[in-house]
J.: 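I have a structure here, written as structure tokens, and I will follow up with some questions on it.
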Amino acid sequence: MTLTIRNQLPGTITAITPGEVMATVKLRLAGGQDLTAAITREAVEDLGLAEGTAVNALVKATEIALATAPIDGLSIRNRLPGTITGIATGGAMASVKIAVEGGALTAVITRDATTDLALSPGAPVVALIKATEVALATA
């Protein structure tokens with residue numbers, strides 16, 4: 001299957017916490033980072049997810065926020081440190097490519113944000129991803 005979602009990170013499920021409607025699924029990415037996805041309980045069952053299952057975490061580029069340093073006091077569960085490898089800017093938006101341990105991410109943010117944060121290739125950033133914005137596909 002070919003997808004338009006740029007960010008596809010391989011990992012292995014380490015824990016599943018079912019709820020009445022939703023479940024949190026924790027996985028260890030190939031680079032060693034932990035990531036949490038909040039998906040429906042029905043999806044967990046339909047995909048046959050269990051501890052040890054190999055999956056790909058899928059995140060749309062527009063659902064990644066960037067910070068220039070670690071931030072405390074946020075409800076965002078997923079915080080992946082990385083280094084900017086490239087920036088392409090347009091009139092209103094920018095595409096920021098980020099190297100993270102074991103992979104790469106692309107974030108699409110406003111051009112103004114790249115200026116306000118003084119983003120440039122080689123700069124460290126933290127990719128922030130809400131657990132509800134992480135989809136899972138079996139590998």
Side-chain angles (χ1 to χ4, degrees):
M1 173 187 335
T2 303
L3 299 173
T4 61
I5 296 176
R6 296 181 194 176
N7 300 304
Q8 301 181 29
L9 303 169
T12 303
I13 294 176
T14 58
I16 298 174
T17 305
E20 193 170 313
V21 175
M22 300 287 289
T24 57
V25 180
K26 295 187 183 210
L27 50 140
R28 175 74 36 93
L29 298 177
Q33 313 92 320
D34 291 320
L35 193 75
T36 300
I39 62 174
T40 65
R41 191 169 146 186
E42 183 178 2
V44 170
E45 294 166 2
D46 289 349
L47 293 173
L49 301 180
E51 286 185 31
T53 302
V55 294
N56 286 315
L58 310 172
V59 183
K60 288 176 60 177
T62 54
E63 300 303 331
I64 298 176
L66 299 177
T68 56
I71 300 174
D72 290 327
L74 288 179
S75 64
I76 297 174
R77 307 307 327 146
N78 301 307
R79 304 169 191 194
L80 301 176
T83 303
I84 296 174
T85 59
I87 301 175
T89 57
M93 302 299 289
S95 176
V96 181
K97 299 214 180 278
I98 305 148
V100 296
E101 286 293 325
L105 294 172
T106 299
V108 173
I109 61 175
T110 64
R111 181 178 174 183
D112 289 344
T114 63
T115 302
D116 292 347
L117 296 173
L119 300 182
S120 63
V125 290
V126 178
L128 305 168
I129 309 163
K130 291 178 65 172
T132 53
E133 299 304 330
V134 178
L136 298 177
T138 52

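From a predicted model like this one, the values you see are computed outputs, not experimental measurements.
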J.: Kindly compute the distance separating CZ (Arg41) from CG (Asp46), expressed to the nearest 0.5 Å.
T.: 12.0 Å

J.: Are Val96 and Met93 linked, directly or through other ILVMFWY residues, by side chains that come within less than 4.5 angstrom of each other?
T.: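 No, no single cluster joins them.
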
J.: Strictly by salt bridge (Lys or Arg N to Asp or Glu O under 4.0 Å), give each pair with a member in residues 7-35 just once, sequence neighbours left out.
T.: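 Salt bridge (Lys or Arg N to Asp or Glu O under 4.0 Å) check on residues 7-35 returns Arg28-Asp34.
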
J.: Please name all residues satisfying side chain to side chain contact (heavy atoms under 4.5 Å, CB included) with Thr62, sequence neighbours left out, ordered by chain then number.
T.: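 Partners of Thr62 by the side chain to side chain contact (heavy atoms under 4.5 Å, CB included) criterion, ordered by chain and then number, come out as Lys60, Val108.
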
J.: If you count heavy atoms of other groups shown closer than 6.0 angstrom to CD of Glu45, is the number above 12?
T.: yes

J.: With sequence neighbours excluded, tell me which residues meet side chain to side chain contact (heavy atoms under 4.5 Å, CB included) with Ala38.
T.: Met22, Ala131, Thr132

J.: Kindly write out the residues that satisfy side-chain hydrogen bond (donor to acceptor under 3.5 Å, both in side chains) with Arg77, not counting sequence neighbours, or none if the list is empty.
T.: none

J.: Excluding sequence neighbours, so at least two apart, what forms side chain to side chain contact (heavy atoms under 4.5 Å, CB included) with Glu51?
T.: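 Listed in chain order: nothing, the list is empty.
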
J.: Output all residues satisfying side chain to side chain contact (heavy atoms under 4.5 Å, CB included) with Gln33, sequence neighbours left out; order by chain, then residue number.
T.: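 If we apply the side chain to side chain contact (heavy atoms under 4.5 Å, CB included) test to Gln33, skipping adjacent residues, the hits are Leu29, Leu80, Val100, Glu101.
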
J.: Grab the two heavy atoms, one from Ala104 and one from Leu9, that are nearest each other, plus how far apart they are.
T.: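 Nearest pair, atom of Ala104 first, then Leu9: O-CD2, 3.8 Å.
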
J.: On a heavy-atom basis, which atom in Gly48 and which in Thr53 lie closest, and how many Å separate them?
T.: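 Residues Gly48 and Thr53, closest heavy atoms: O-OG1, 4.1 Å.
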
J.: Which heavy-atom pair separates Ala127 from Leu105 by the least distance, and what is that distance?
T.: CB-CD1, 3.7 Å

J.: Please enumerate all residues that pass side-chain hydrogen bond (donor to acceptor under 3.5 Å, both in side chains) together with Ser95, with sequence neighbours excluded.
T.: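 Arg6.
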
J.: Can you name the nearest heavy-atom pair linking Thr85 to Ala99, along with the distance?
T.: CG2-CB, 3.7 Å

J.: Distance from Leu49 atom CG to Thr138 atom OG1, nearest 0.5 Å?
T.: 7.5 Å

J.: Which ILVMFWY residues can you reach from Leu74 by hopping between side chains whose heavy atoms are under 4.5 Å apart?
T.: Ile71, Ile76, Val126, Leu128

J.: Please give me the minimum heavy-atom distance between Gly86 and Pro121, naming the atom from each residue.
T.: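 Taking Gly86 first and Pro121 second, the nearest heavy atoms are CA-CG, 4.4 Å.
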
J.: Could you state the interatomic distance from CD1 (Ile98) to OG1 (Thr106), rounded to the nearest 0.5 Å?
T.: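 Between atom CD1 of Ile98 and atom OG1 of Thr106 there are 7.5 Å.
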
J.: List the atom of Pro18, the atom of Ala23, and the distance in Å for their closest heavy-atom pair.
T.: CA-CB, 3.9 Å

J.: Rounded to the nearest 0.5 Å, what's the gap from CG on Leu117 to OG1 on Thr110? Could you check?
T.: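 Output value for this atom pair is 8.5 Å.
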
J.: Quick check on side-chain contact (heavy atoms from CB on, under 4.5 Å): which of Asn7, Asn78, Leu58 does Val134 satisfy it with?
T.: Asn78

J.: What distance separates Leu66 CG from Ile109 CD1, expressed to the nearest 0.5 Å?
T.: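 Leu66 atom CG to Ile109 atom CD1 measures 5.0 Å (nearest 0.5 Å).
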
J.: Report the distance from atom CG of Leu136 to atom CD1 of Ile39, rounding to the nearest 0.5 Å.
T.: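 The distance works out to 4.5 Å.
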
J.: So, using salt bridge (Lys or Arg N to Asp or Glu O under 4.0 Å) as the criterion, who are the partners of Arg111 when residues are at least two apart?
T.: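 Testing Arg111 for salt bridge (Lys or Arg N to Asp or Glu O under 4.0 Å), a comparison that skips the adjacent residues, returns none.
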
J.: For Asp112, give me all partners under salt bridge (Lys or Arg N to Asp or Glu O under 4.0 Å), at least two apart in sequence or on another chain.
T.: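 Salt bridge (Lys or Arg N to Asp or Glu O under 4.0 Å) check on Asp112 returns nothing, list empty.
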
J.: Who pairs with Arg79 by salt bridge (Lys or Arg N to Asp or Glu O under 4.0 Å), at least two apart in sequence or on another chain?
T.: none

